[in-house]
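Chain A is the first sequence line, chain B the second, and so forth, proteins listed ahead of strands; every chain is numbered from 1. None of these values were measured; they are calculated from a predicted model.
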Amino acid sequence: MILHKAKFHTAIGHLYYLWTGTGNDPEVIFLGTGSKSLDNHLKQIMAVSGRAEAETGGSFTVSEKKSPLIEKKLIAYFKGAIKDTGLKTLFMAGSRFERRVWDAARKIPFGETSSYGLIAAAAGSPWAGRAAGNALGKNPVMIIIPCHRVIKSDGSCGGFSAGPDLKKKLLELEGISYTT
DNA sequence: TGCATGGCGCCGG
DNA sequence: ACCGGCGCCATGC
């Protein structure tokens, strides 16, 4: 399996991503704000695959390569031209619970918010709001899975792995403001 | 197996 | 409104 990694500049700063597939039909494996976070995710993938490799014999090669389509969609999103990137994702790490949480968060529409408790319930564990927060902190594809739309049940903003300021910025792009 | 660690939630003071 | 405490739950070491 071939994994591509690349970096580009956007309205919210540099973004680093990892992807696979073809130019017309890319699958995003990771999207984040730091090269370090990308490398960490790559490590997790290797750790997970190390176990799978024993059975399948499969392996990876990683190379630097851009995806014009991925970059175009994200830039259009930041410009406000589209409300959904429509990009495909591929989870190569993460527990069952984490994947369920990510899938639940993906369904939150542009301009709307949900809460950690509600996401936990949607993931099948109604009282696991805290754990849902942990899982969202490991969201491998920010923006594509809009975990920034998950806020605290009391209406306050809550945390964000890439920094609370960026969370507010992403929400403001959708007409939701946190002046405080 | 146990224990600490979180992007939480709720109730008191 | 702002805390502190306590309960909650999935992970990692």
Less than 4.0 angstrom from a charged side-chain N to a carboxylate O is my criterion; do K83(A) and E174(A) meet it?
no
Quickly work out the R96(A) CZ to dC9(C) P distance and round it to whole Å.
18 Å
Report the C-alpha separation of M92(A) and V48(A) in whole Å, then their side-chain angles, then the decisive distance to 0.1 Å, and conclude whether the side chain to side chain contact (heavy atoms under 4.5 Å, CB included) test is met.
CA-CA 8 Å; M92(A) 298 195 61; V48(A) 172; over 6 Å; no
Is the backbone of K152(A) close enough, under 3.5 Å, to the side chain of S156(A) for a donor and an acceptor to pair up by distance?
no
Where along residues 101-125 of chain A does a heavy atom fall under 4.0 Å from DNA chain C?
S125(A)
Could you tell me whether the side chain of R106(A) and the main chain of I145(A) form a donor-acceptor pair under 3.5 Å?
no
A correct dot-bracket answer for DNA chain C, with pairs being Watson-Crick or G-U at under 3.5 Å, [ ] for crossing pairs and | for inter-strand pairs, is .||||||.|||||
Do R100(A) and S125(A) meet the criterion of a side-chain donor-acceptor pair at a distance under 3.5 Å?
no
Does the side chain of Y178(A) pick up a donor-acceptor pair with the side chain of E172(A) at under 3.5 Å?
no
Identify, residue by residue, the members of residues 130-162 of chain A with a heavy atom below 4.0 Å from DNA chain C, and return them in order of residue number, or none.
R130(A), A131(A), K138(A)
Partners meeting salt bridge (charged side-chain N to carboxylate O under 4.0 Å, His left out) with K88(A) (sequence neighbours left out)
D25(A)
Measure the shortest side-chain to side-chain distance between I12(A) and F78(A) over non-hydrogen atoms and say whether it is less than 4.5 angstrom.
yes
Specify whether H4(A) and W19(A) have parallel, tilted or perpendicular ring planes, treating 30° as the upper limit for parallel and 60° as the lower limit for perpendicular.
tilted
For atom CZ of F97(A) and atom C1' of dC8(C), their distance in whole Å:
11 Å
How long is the line joining CD of E98(A) and C1' of dG12(C), in whole Å?
11 Å
Provide the full list of salt bridge (charged side-chain N to carboxylate O under 4.0 Å, His left out) pairs with a residue in residues 107-129 of chain A, sequence neighbours left out, each pair given once.
none
From K72(A) atom NZ to S67(A) atom OG, the distance as rounded to the nearest 0.5 Å
10.5 Å
Output for pair (M142(A) CE, L15(A) CG), nearest 0.5 Å, gives 6.5 Å
Protein-nucleotides 2-4 of chain C N/O pairs closer than 3.5 Å?
none

d(D39(A) CG, K5(A) NZ) to nearest 0.5 Å is 5.0 Å
Nearest whole Å is fine: how far is dC8(B) C1' from W127(A) CH2?
13 Å
